Amino acid sequence: MLDSLRSIIQEVGAAATLSEALKVAVARVRADTGADVCSIYLGDEERSELVLLATEGLKSEAVGSVRLSWEQGLVGLVAQRAEPLNLGDAPSHPRYLYFPETGEEQYHAFLGVPVIHHRRVLGVLVIQQHALEPYSEDIVTLLLTIAAQLAGVLSHADVDSALKAVDETSAEGERLYRGQPGAPGVAVGTAVVMRPPADIGSVPERSSDRPDLELKRFDKAVQLARVEIGEMMERLSESMPSADRALFDAYLMMLDSGSFIGAARSIISDESQWAPGALSRVVRQHARAFEAMDDPYLRERAEDVRDLGRRILGHLEQQRPKRRSFPKETVLIGEEISASMLAEVPPERLAGVVTIRGSRTSHTAILARALGIPAVMGAEEMSLGRLDDGRIIADGYSGRVYIEPGREVLREYRRLQKEEAELTGDLLGLREQPCESTDGVAVPLHANTGLLSDIGPSLNSGAEGVGLYRTEFPFMIRESFPGEASQADIYRQVLEAFAPRPVTMRTLDVGGDKALPYFPIVEDNPFLGWRGIRITLDHPEIFIGQIRAMLKADAGLGNLQLLLPMISSLDEVEESQALIRRACMELEEEGMACLMPRVGAMIEVPSAVFQARELAQRMDFLSIGSNDLTQYLLAVDRNNARVADLYDALHPAVLRAVYHVVEAGRAEGKPVSVCGEMAGDPAAAILLLGMGIDSLSMSASSLLRIKWVIRSFSQKAAAELLEEALSLENSTQVRMMLNGALEEAGLGGLVRAGR
Ligand code: PEP
Ligand code: MG
């Protein structure tokens, strides 16, 4: 039974779409339980309606058309009670409801079990049979277990999308799909479906008699792709800060790389493989390597490799992608929208982006944020079939996508869009304004960066410096540890771009969920294991090399500050300081005048909270990493979707810990900042102002919004809200109270679409 259960769940989990998953589930459950019928009804407490979405045994025309409220029928009863119902003779039950289109009159036995996810009933799984006897205890248990596992593979978003997709009766053919918010804003426009120019994955292997000619043809295609990317960079140069074009530099780098282009050339010459076959093999190998990486940012790079491969293949096949015309408010839609597809649209015509795959961390989302274009990622249930040239709305706040929206929805979104534009315009006016509360308390806002492409938006946002430069990225995109000189090069670009404003560089923080491909760490509990400062203190050569690179980069600038991640004891701080001093001395011995930078510790584990005073005595400043601090205080894995509802930095326990650290810093006369996501949350920013935080660091896109919050409240009022928040019992109450305060102050537009 266990084997059967495991294989059902595996098959369901492997299905590409929700409807396929449901079909697999009903077929397998019917076969494995020996039932005559298996069906799945999905719904939602909020909709109070259950819809038959898949069946094996009932008539197929009933799918999508059988709908019943929670008060109706046996299925409704199961959903209402959230308990199984096992009947030998269903038609004799007072709640039995007969739907002629199902042909179910012939079945007597009925077993329905609820599908429950996060305590909410998502639907009902039903089996039926001719025989006039209830199901055995074993079958009831099996079905309950399958339903519980099924709930894990479904999500509310999936269910909602599936329900909308079968909802043919909605106003004027309007369809609603849900994805993840990718970039804030609202787009209303015309859908333009982008399809990859050539299918790089399905090129056959073929040998060639003339590898020399194949090599020539390959080099020419690479050269044409290089020119094409150059043209795209040119086209974007007006609308995109120069540093952001680094995204395209990555493409050009790949075109020059030995492991990519060189590898394809070797396959052509050594194996006499034809050029498209060699290209396809190398692209697939590289894409697979990226996809196997733990870091979500690097996983997304697989798509860049494929995109580049398609471009070269297009030239090999002499199908130079035609430039098409784009409507005025183009909303690009695709399985995936690559950076180069985005670049094909004249910037003034690009209104929004929607993808079927991908996530918040995909290149498209990063780029859309940099360009200030609303984006929705991962609208999985949307099919590209008849979307071209249709009207579309993409809500980058909620992740909603409307296809052929009805008049009401359209009018509402046009209104929200107008308000959005006014809000964004108003916020731009804050760029040069000081970030201080209405009673004159200054809270400098800094930017979090990590990619060279972040520099542009960070500078544009009016950041007063960099509060957190995550040095992991230059380490992640290489095939081995970067040397001192190449690190110094990268750090110099960041320090120079912001000088004389301070740049806080964090020493290497890998381990946990951030792995280096060339430095694998396998542990049972990686978040409690070898990560952050623990690794670099065990490898002083890595630590000293990085510090030396940073100090060299700082020569003549003097705006470098150092930040130590994952500090959990005072010893770690003292050892780090000794190594930093050693690096400085070494450089002086080598003839470089070395300026000892200010050094701070990150407060991101509970022990550091309780030793915050001792840490403050030894450090120049403290910086609260609220992402990890929330994870460790609440014992909630920050990356686990199953417990995501429990993860909230507004939990009163987290607020007390943060407040304790701020007070410890104050008592020792050392500044304290917050550099986790909490700093960019408008509700949390009020509380941090109330605590007397010295500065905040966040992604550039949040900066002006938070400035607006700080400039709208007095520290006195914020301190009163803080006191109230600390008296509340849970994060939901805290958030509701603060959202109310934001609405009341006229800042509701920061937490929803519209003003
Ligand atoms: C944090 O933990 O809050 C933090 C800023 O570091 P990271 O998100 O890189 O772990
Ligand atoms: Mg952290």
Side-chain angles (χ1 to χ4, degrees), residues 294-298 360-361 366 445-451 454 458 463 465-477 494 503-516 521 525-536 546 561-568 572 576 600-609 612 615 621-640 644 647-651 653-655 657-658 661-662 672-681 684-685 687-688 693 695-703 706:
D294 283 340
D295 181 76
Y297 176 82
L298 291 178
R360 267 169 226 268
T361 47
I366 295 170
L445 300 187
H446 296 158
N448 287 354
T449 71
L451 297 167
D454 290 336
S458 303
V466 172
L468 172 65
Y469 177 75
R470 290 180 164 101
T471 56
E472 296 77 78
F473 286 112
F475 282 74
M476 282 173 170
I477 57 175
V494 187
V503 173
T504 307
M505 296 200 157
R506 179 170 74 183
T507 62
L508 188 62
D509 184 23
V510 292
D513 60 335
K514 291 182 271 192
L516 296 178
I521 303 168
N525 289 302
F527 276 114
L528 301 181
W530 206 41
R531 61 169 300 201
I533 201 77
R534 299 171 185 178
I535 295 183
T536 45
Q546 186 175 37
Q561 304 197 124
L562 295 181
L563 185 57
L564 309 170
M566 271 296 288
I567 293 294
S568 60
E572 287 165 343
S576 306
M602 285 198 78
I603 306 293
E604 41 188 355
V605 304
S607 61
V609 171
L615 286 168
F621 63 95
L622 301 179
S623 186
I624 300 173
S626 55
N627 305 340
D628 276 316
L629 186 58
T630 305
Q631 142 164 291
Y632 290 122
L633 273 175
L634 303 183
V636 177
D637 180 342
R638 62 194 259 190
N639 297 317
N640 183 343
Y647 182 97
D648 195 336
L650 290 186
H651 189 295
V654 180
L655 296 178
V658 170
V661 176
V662 174
V672 179
S673 76
V674 173
C675 65
E677 292 306 305
M678 183 184 194
D681 175 347
L687 301 183
L688 295 169
I693 197 82
S695 62
L696 297 172
S697 191
M698 65 206 71
S699 67
S701 58
S702 306
L703 206 130
I706 297 301

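Position 1 is the first residue of the sequence, and the numbers go up from there. Everything numeric here is computed off the predicted structure, so don't read it as measured data. Ligands are counted one by one from 1 in listed order, and the atoms in each one are counted from 1 as well.
Inter-residue side-chain proximity for I535 and L508 is flagged as unmet; no heavy-atom pair is nearer than 4.5 Å. At a threshold of 4.5 Å between non-hydrogen side-chain atoms, the residues S702 and E677 do not count as touching. A 4.5 Å side-chain heavy-atom check between V672 and I693 finds at least one atom pair inside the cut-off. Between H651 and V636 the shortest side-chain heavy-atom distance does not fall below 4.5 Å. Taking 4.5 Å as the limit, some side-chain heavy atom of L655 sits within range of a side-chain heavy atom of M678. The side-chain heavy atoms of M566 and D509, taken from C-beta on, include a pair separated by under 4.5 Å. Within the 4.5 Å cutoff, the side chain of L563 has no heavy atoms near those of the Q561 side chain.
Within ligand 1, counting atoms from 1 as listed, the ones closer than 4.0 Å to a heavy atom of L468 are 5 (C). Which parts of ligand 1 touch C675 is read off a 4.0 Å heavy-atom cut-off, strictly below it: atoms 5 (C). Counting the atoms of ligand 1 from 1 in the order shown, those under 4.0 Å from a heavy atom of D628 are 1 (C), 2 (O), 3 (O), 10 (O). The distance from ligand 1 to the heavy atoms of M602 drops below 4.0 Å at these ligand atoms: 4 (C), 5 (C). Within ligand 1, counting atoms from 1 as listed, the ones closer than 4.0 Å to a heavy atom of G676 are 3 (O), 5 (C).
To the nearest 10 degrees, the angle centred on the Mg ion (ligand 2) between OE1 in E604 and OD2 in D628 reads 90°.
Among all protein heavy atoms, the one lying closest to atom 8 (O) of ligand 1 is R638 NH2, 2.8 Å.
One option in E604, R531, R470 has a heavy atom closer to atom 7 (P) of ligand 1 than any other, and that option is R470.
Heavy atoms of R506 found under 4.0 angstrom from ligand 1 belong exclusively to the side chain.
At a cut-off of 3.5 Å, with distance as the only test, no side-chain donor of T536 or Q546 sits close to an acceptor on the other residue.
Distances from ligand 1 to the non-hydrogen atoms of M678 include no value under 4.0 Å. Distances from ligand 1 to the non-hydrogen atoms of Q631 include no value under 4.0 Å.
In terms of polar-atom proximity, S626 is counted as a contact of ligand 1, with an N or O under 3.5 Å from an N or O of the ligand.
Listed for the T630 side chain is no donor-acceptor partner under 3.5 Å among the backbone atoms of D648.
Counting backbone and side-chain atoms alike, D509 contributes no N/O/S atom closer than 2.8 Å to the Mg ion (ligand 2).
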